[in-house]
Engineer: 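First the structure, which I've put down as structure tokens, then a few questions once you've had a look.
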Amino acid sequence: MSEITPETVRHLASLARILVTDEEVEKLAKELDVIVESVATVKGAVSADTPATSHPIPMSNVYREDVVKPSLSQQEALSNAPDQADGKFKVNAILDEE
Amino acid sequence: MSELHKKPASELAQMLRSGEVTSVQLTELFLDRAEKLNPLTNSFLRINRETAIEQAKHADELIAAGKAPSVLTGVPIAVKDNLTTTDAITTAGSKILENYLPQYDSTVVSKLRAAAMPILGKTNLDEFAMGSSTEFSAYGPSKNPWDLERIPGGSGGGSSSAVSGFLAPIAIGSDTGGSIRFPAAVTGSVGAKPTYGAVSRYGLIALASSLDQVGPVTNDVLDAALLQDVIAGHDPMDSTSLVDSLGQMADFASKTDVKGLRVGVIKQLASDGFHPGIKARFDESIQLLVDAGAEIVEVDCPSFEYAVSAYYLILPAEASSNLARFDAVRFGQRVLPEGNPTIERVMAATREAGFGPEVKRRIILGTYALSSGYYDAYYGSAQKVRTLIQQDFEKAFAAADVLISPTAPTTAFKFGEKLDDPLAMYLNDVATIPANLAGIPGISVPNGLAENDLPSGLQILAAAKNDGVMYSAAAGIEKLHNDKWGKRMIDFAPELEVN
Amino acid sequence: MAKAELMDFDEAIEKYEVVIGLEVHVELNTNTKMFCGCANEFGDQPNTNVCPVCLGLPGALPVVNGKAVEYSIAIGLALNCSIASDGRFARKNYFYPDLSKNFQTSQYDEPIAFEGQLEVPVASGKVYNVAIERAHMEEDAGKLSHVGGAGRIQGAEYSLVDFNRAGVPLVEIVTKPIFDSGSEAPELASAYVRQIREIVKAMDVSDARMERGNVRCDANVSLRPKGQEKLGTRTETKNVNSLRSVENAVRYEIQRQAAILAAGGEITQETRHWHEDKKYTSAGRPKSDADDYRYFPEPDLVPVQPTEELIEEIRTRLPENPASRRARLQQEWALSDNEFRDIVNSDLLDEIDSTVSLGVSAQSAKKWWTGEIARIANVEGKEISELSVTPEDVAEIEKMITDGKLNDRLAREALSGVIAGEGSVAEVVSAKGLEVVSDDGALTAAVDKALAEQPDVLEKIRAGKEQAAGAIIGSVMKEMRGQADAGRVRELILERAKS
Ligand SMILES: [Mg+2]
Ligand SMILES: [Zn+2]
């Protein structure tokens with residue numbers, strides 16, 4: 001059974017902010033379906049009480065002193081900005097005009 | 001000095017100290033080679049002649065004043081292009097960062113600068129280190145110096161081809177699932193992935209944060225150890241950076257006696273799926289070890305069966321989040337769709353145009369693995385498999401000091417061979433992935449020529465933080481091989497010639 | 001956007017059961033941000049308190065501010081929460097241009113503090129026991145401003161982002177649903193927020209100034225017909241940034257939702273925005289299944305595991321809890337319930353407490369703060385906290401009154417001078433020459449002059465009508481430009497009239 005439908009791909013692509021053409025959606029759905037079917041074997045490998053590992057080397061309580069360090073200058077901060085105005089990063093409107 | 005470029009860094013360092021050669025001479029030698037040969041290998045995305053020479057002059061001054069800060073002071077080096085540098089565009093092999101000049105140096109690069117090692121340039125990689133062949137670089141693939149029609153491994157094919165083609169004496173790589181070790185195996189060179197946290201990740205453009213580790217790419221084990229000594233150490237800018245020192249790797253690498261060494265052969269990584277030539281070389285190496293007095297034990301790691309699957313859930317999941325910052329707001333490319341688009345549409349169009357197919361594939365796969373309703377089954381289960389793999393390793397290292405396997409199932413394949421079959425590409429990493437999932441150190445050393453007279457690699461793994469044990473074993477096996485072959489395997493490589 | 005149809009509040013409470021839930025974000029007043037060493041200050045020039053970490057540049061990594069963890073534990077303890085022995089950070093993934101990494105580093109299923117409760121008294125004397133679900137650490141986003149469209153997000157031509165606020169440490173405190181508050185729901189909501197403010201201010205972990213966004217409240221409101229088990233659909237009103245707004249917004253939502261339900265309509269689950277100027281909420285982003293934050297444990301940060309010793313040490317440093325402090329102060333100050341509630345409601349407890357501790361009587365302190373100072377704040381349309389008057393100023397003025405150096409009118413003039421920024425009390429008094437004239441010679445001359453000018457009044461006084469002296473006092477005070485002690489002037493008039 002196909003788990004990854006074109007609809008799923010469209011939804012995921014929108015969550016991930018990637019524009020996809022209809023062609024790409026079809027292709028990705030097929031590819032991902034094969035991959036997902038293959039990696040899904042992990043489900044059968046573990047049980048409810050198997051602990052999860054998120055960090056390979058166990059460590060805890062790593063903290064920084066609350067002491068101010070030099071920041072970038074405004075010019076440095078904006079040096080790679082695709083667009084800027086008034087010392088700020090400039091972006092297109094957030095909402096569509098109604 | 002005709003063969004100077006083939007000398008290991010350890011020897012070049014001695015010559016620098018004794019005054020036989022200057023850093024400027026060495027740096028120019030490698031810059032000349034790189035500029036001449038890069039059109040063949042596409043190892044470098046950028047060669048920084050000016051800054052490298054400047055750094056070499058600085059190194060020469062320090063050496064002359066008797067103030068060399070490191071054993072490797074003055075030895076030039078190549079750096080993978082996913083480590084930020086303030087004096088060179090850093091692209092991570094992606095179009096989205098085409099003109100990106102970072103505002104800060106990665107910690108590893110800062111350490112190279114502190115050691116006064118001239119940086120020759122930035123090396124090619126699969127886009128954001130996603131791949132095993134460099135075919136996914138937005139700037140074209142790198143070529144394997146042994147056969148220019150074949151891949152140099154990936155993602156760090158730029159560094160492996162630069163070192164095995166002697167365009168650079170040593171290089172920096174990064175290894176998330178084998179990106180240092182696999183390229184080393186298919187180019188007859190040496191590549192080590194230190195214990196997770198031994199080398200700072202600050203300034204390494206993240207692929208999968210819990211798997212990524214920076215490490216050395218060299219032509220022999222001692223060089224790798226020397227380079228790890230330069231780049232390792234606690235970094236307060238990286239919360240996962242190890243606090244304790246693991247010792248001087250160069251000291252460990254000078255111990256080459258394998259007598260009494262308990263060598264574990266992983267049952268699951270000893271036969272299935274490995275090409276016959278790879279398997280034959282591997283068996284020969286086991287015999288060499290036995291003859292030298294090592295003790296061979298078979299270890300069982302049943303959960304390795306699920307390692308590749310767990311890896312291809314964890315990696316895309318973390319990558320999908322790490323790569324969210326490429327959004328056309330603060331840096332990088334911005335693509336403006338027609339009309340009067342919202343920033344949301346600008347982001348989507350930029351990411352569509354700026355990311356290549358493999359990156360998009362993995363981002364969408366990772367988004368799926370984390371999405372509500374699927375998290376437990378996919379990402380959650382993968383994290384649990386990770387626990388099982390760690391438990392397998394724990395048992396194995398109770399019985400053995402180091403574990404060995406072939407580094408990769410095949411020798412270098414031809415361009416395009418696996419490009420349309422993501423799963424086949426992913427299986428290249430079957431032997432290297434478990435070390436990343438468990439955070440343990442691994443190294444690939446040359447293991448003789450296999451299919452098509454191309455190099456194969458032997459992987460040596462040690463328990464977490466036992467990088468020293470790994471270097472001793474690797475140096476021991478390397479010595480057995482060199483004694484047998486009469487020279488380093490890299491010395492069998494064909495000369496690169498520009499017609 | 002027009003105001004919605006509203007139902008009369010009492011009618012709404014009659015028909016429906018109100019359920020509220022409150023999320024309060026408290027900005028910590030640490031020196032630096034949550035995950036980097038940039039100054040925790042955002043009144044500065046835009047994008048000057050930023051670094052690779054809080055700008056989300058490629059390769060940058062977070063490191064937790066230990067002080068922020070301690071402050072968060074303190075808040076948890078003050079809210080009678082359990083403190084997690086093993087907490088973690090998680091990534092909340094969503095794209096927004098003010099979110100530099102396009103994920104917020106927050107806490108998900110392992111918050112630092114959980115399962116607490118807070119007793120909140122309201123005017124009726126009833127004390128609500130508000131159950132706290134959790135308090136977790138997270139980072140703030142940058143600040144967006146909109147250009148065109150009157151500065152609003154709707155209709156804006158483009159937007160600008162300042163990341164100075166990005167990464168500022170926040171503690172988000174979430175209540176469990178609060179039932180059974182009925183008509184007191186709006187008041188309870190604001191009393192709860194006030195109490196959180198008092199707590200974090202007393203502990204000095206936040207500047208706690210709502211007008212600056214140090215404390216921000218999102219109010220969830222839902223209604224259900226009385227007797228119905230199932231919870232109604234809720235709305236989440238954001239941007240309620242004063243105590244008054246909290247109360248008004250909850251009241252408004254109750255009335256708005258009641259009108260919709262009574263008309264047979266359905267409540268849309270959505271975020272709404274409170275407009276304090278026009279006193280209404282407007283629809284924001286609809287909540288939908290598309291909201292999928294794909295939380296997963298932050299791989300770049302290691303677990304937060306506070307030790308018992310640390311927790312106990314923080315506990316010993318906690319200030320008195322607000323409820324017992326209030327009870328103590330009311331008793332010490334000997335104020336009636338009504339008088340004391342005035343103080344609490346006008347948020348002047350700390351100011352008056354400090355003033356009293358400088359030796360001023362409770363009655364006088366109360367008189368100054370809830371009287372003249374509150375009046376000036378009101379006239380200037382400011383919060384009292386925004387006026388530049390301190391308990392020290394009030395104490396000094398009071399002392400001058402006691403010493404006979406100022407009379408009531410002069411004291412008020414001195415105060416308004418201080419508030420107008422003309423200097424300290426002493427400076428204002430001397431610059432304006434406000435001190436009471438106690439030189440009898442000058443006063444006697446003025447009295448004689450006034451008596452001579454009004455012989456009819458002089459006659460009356462001589463005839464024993466001492467109350468007639470009032471007219472002369474008035475003339476003398478006018479002559480002395482108010483700077484005389486009225487009592488002394490009266491004495492002198494009687495003395496001179498009879499001589
Ligand atoms: Mg939150
Ligand atoms: Zn910062």
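Protein chains get the first letters and strands the later ones, always in sequence-line order, with residue 1 at the start of each.
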Engineer: Kindly give the heavy-atom pair with the smallest separation between A:V42 and B:S381, and that separation in Å.
Structural biologist: CG2-CB, 3.7 Å
Engineer: Would you mind checking which part of B:P341 comes under 4.5 Å of any heavy atom in chain A, side chain (CB onward), backbone (N, CA, C, O), both or neither?
Structural biologist: both
Engineer: Please flag which part of B:T350 lies under 4.5 Å from any non-hydrogen atom of chain A: side chain, backbone, both or neither.
Structural biologist: neither
Engineer: How far apart are the closest heavy atoms of B:S241 and A:M59, and which atoms are they?
Structural biologist: O-CE, 3.3 Å
Engineer: Highest number of heavy-atom pairs under 4.5 Å with chain A: which of B:G354, B:A328, B:P422, B:A464?
Structural biologist: B:A328
Engineer: Which bit of B:A310 is near chain A, if near means a heavy-atom gap under 4.5 Å: side chain, backbone, both or neither?
Structural biologist: both
Engineer: What part of A:I94 gets closer than 4.5 Å to chain B, counting heavy atoms only: side chain, backbone, both or neither?
Structural biologist: both
Engineer: Counting only heavy atoms not in A:K43 (residues, nucleotides, ligands), do more than 12 fall under 6.0 Å from its NZ?
Structural biologist: yes
Engineer: As an exercise, state the distance from CD1 of B:I343 to CZ of A:R17, rounded to the nearest 0.5 Å.
Structural biologist: 10.0 Å
Engineer: Atom CD1 in A:I35, atom CZ in B:R362: separation rounded to 0.5 Å?
Structural biologist: 8.5 Å
Engineer: Nearest 0.5 Å, what's the CD-CG distance between A:E31 and B:D420?
Structural biologist: 8.5 Å
Engineer: So which part of B:Y311 gets closer than 4.5 Å to some heavy atom of chain A, the side chain, the backbone, both or neither?
Structural biologist: neither
Engineer: Given heavy-atom pairs under 4.5 angstrom as the criterion, report whether the side chain, backbone, both or neither of B:L336 touches chain A.
Structural biologist: side chain
Engineer: Please look at B:V346 and chain A and tell me whether the side chain, the backbone, both or neither of the residue comes under 4.5 angstrom of a heavy atom of that chain.
Structural biologist: side chain
Engineer: Looking only at heavy atoms and a cut-off of under 4.5 Å, which of B:G332, B:A353, B:A377 has the most pairs with chain A?
Structural biologist: B:A377
Engineer: Evaluate the side chain to side chain contact (heavy atoms under 4.5 Å, CB included) criterion for residues B:L365 and A:V36: first the C-alpha distance (whole Å), next the side-chain angles of each, then the deciding distance (0.1 Å), finally the verdict.
Structural biologist: CA-CA 8 Å; B:L365 177 59; A:V36 166; 3.8 Å; yes
Engineer: Pair B:K465, A:I57 - check side chain to side chain contact (heavy atoms under 4.5 Å, CB included), show working.
Structural biologist: CA-CA 9 Å; B:K465 303 182 189 176; A:I57 306 291; 4.0 Å; yes
Engineer: Would you check if B:S210 and A:P56 make a side-chain contact, meaning some heavy-atom pair closer than 4.5 Å?
Structural biologist: yes
Engineer: Evaluate side chain to side chain contact (heavy atoms under 4.5 Å, CB included) for A:N92 paired with B:R334, printing each intermediate quantity in order.
Structural biologist: CA-CA 11 Å; A:N92 290 54; B:R334 176 182 284 185; 4.1 Å; yes
Engineer: Shorter than 4.5 Å, heavy atoms on both sides: which option in B:Q390, B:Q391, B:M347 has the most such pairs with chain A?
Structural biologist: B:Q390
Engineer: Assess whether atom CG of A:N61 is packed by more than 12 heavy atoms of other residues, nucleotides or ligands within 6.0 Å.
Structural biologist: yes
Engineer: Find out whether A:L28 and B:R361 are in side-chain contact, i.e. whether some heavy atom of one side chain is under 4.5 Å from a heavy atom of the other.
Structural biologist: yes
Engineer: Please give me the minimum heavy-atom distance between A:A77 and B:Q103, naming the atom from each residue.
Structural biologist: O-NE2, 3.5 Å
Engineer: Counting only heavy atoms closer than 4.5 Å, note whether A:A93 contacts chain B via side chain, backbone, both or neither.
Structural biologist: backbone
Engineer: Which answer fits A:A40, side chain, backbone, both or neither, if we ask what part of it has an atom under 4.5 Å from a heavy atom of chain B?
Structural biologist: both
Engineer: Do A:V46 and B:Y306 come within less than 4.5 Å of each other through their side chains, counting heavy atoms only?
Structural biologist: no
Engineer: What part of A:L32 is in contact with chain B, defined as an atom under 4.5 angstrom from a non-hydrogen atom: side chain, backbone, both or neither?
Structural biologist: side chain
Engineer: Give, as side chain, backbone, both or neither, the part of A:Q84 having an atom under 4.5 angstrom from any heavy atom of chain B.
Structural biologist: neither
Engineer: So do A:E24 and B:P357 actually touch side chain to side chain, heavy atoms under 4.5 Å?
Structural biologist: no
Engineer: Mind ranking A:S14, A:S54, A:S47 by heavy-atom pairs under 4.5 Å with chain B and telling me who comes out on top?
Structural biologist: A:S54
Engineer: If you count heavy-atom pairs under 4.5 Å with chain A, which of B:Y104, B:Y312, B:Y368, B:F331 comes out on top?
Structural biologist: B:Y368
Engineer: Using heavy-atom distances under 4.5 Å, tell me whether B:I364 contacts chain A through its side chain, its backbone, both, or neither.
Structural biologist: both
Engineer: Would you compute the distance between atom CD of A:E37 and atom OG of B:S309 and round it to the nearest 0.5 angstrom?
Structural biologist: 11.0 Å
Engineer: Find the one option among B:D421, B:N436, B:V385, B:I440 whose heavy-atom pairs under 4.5 Å with chain A are most numerous.
Structural biologist: B:V385
Engineer: Under 3.5 Å, side chain of A:N80 to main-chain N/O of B:R330, donor-acceptor pair present?
Structural biologist: no
Engineer: Mind checking which of residues 63-76 of chain A sit less than 4.5 Å from chain B, heavy atom to heavy atom?
Structural biologist: A:K69, A:L72, A:E76
Engineer: Please flag which part of B:F326 lies under 4.5 Å from any non-hydrogen atom of chain A: side chain, backbone, both or neither.
Structural biologist: neither
Engineer: Just jot down the salt bridge (Lys or Arg N to Asp or Glu O under 4.0 Å) partners of B:D244, sequence neighbours excluded, or say none.
Structural biologist: none
Engineer: Which one wins on heavy-atom pair count under 4.5 Å against chain B: A:G44, A:P51, A:A81?
Structural biologist: A:P51
Engineer: How many angstroms lie between atom NZ of B:K360 and atom CG of A:L19, to the nearest 0.5 angstrom?
Structural biologist: 8.5 Å
Engineer: Heavy-atom distances under 4.5 Å only: say whether B:N99 touches chain A with side chain, backbone, both or neither.
Structural biologist: backbone
Engineer: Using 0.5 Å steps for rounding, measure from the OG1 atom of B:T367 to the CD1 atom of A:I18.
Structural biologist: 7.0 Å
Engineer: Hey, does B:V243 have a side-chain heavy atom less than 4.5 Å from the side chain of A:V62?
Structural biologist: no
Engineer: So which part of A:T21 gets closer than 4.5 Å to some heavy atom of chain B, the side chain, the backbone, both or neither?
Structural biologist: neither
Engineer: In terms of heavy-atom proximity below 4.5 Å to chain A, should B:E344 be classed as side chain, backbone, both, or neither?
Structural biologist: both
Engineer: Pick one of side chain, backbone, both or neither for B:S320, based on which atoms fall under 4.5 Å of a heavy atom in chain A.
Structural biologist: neither
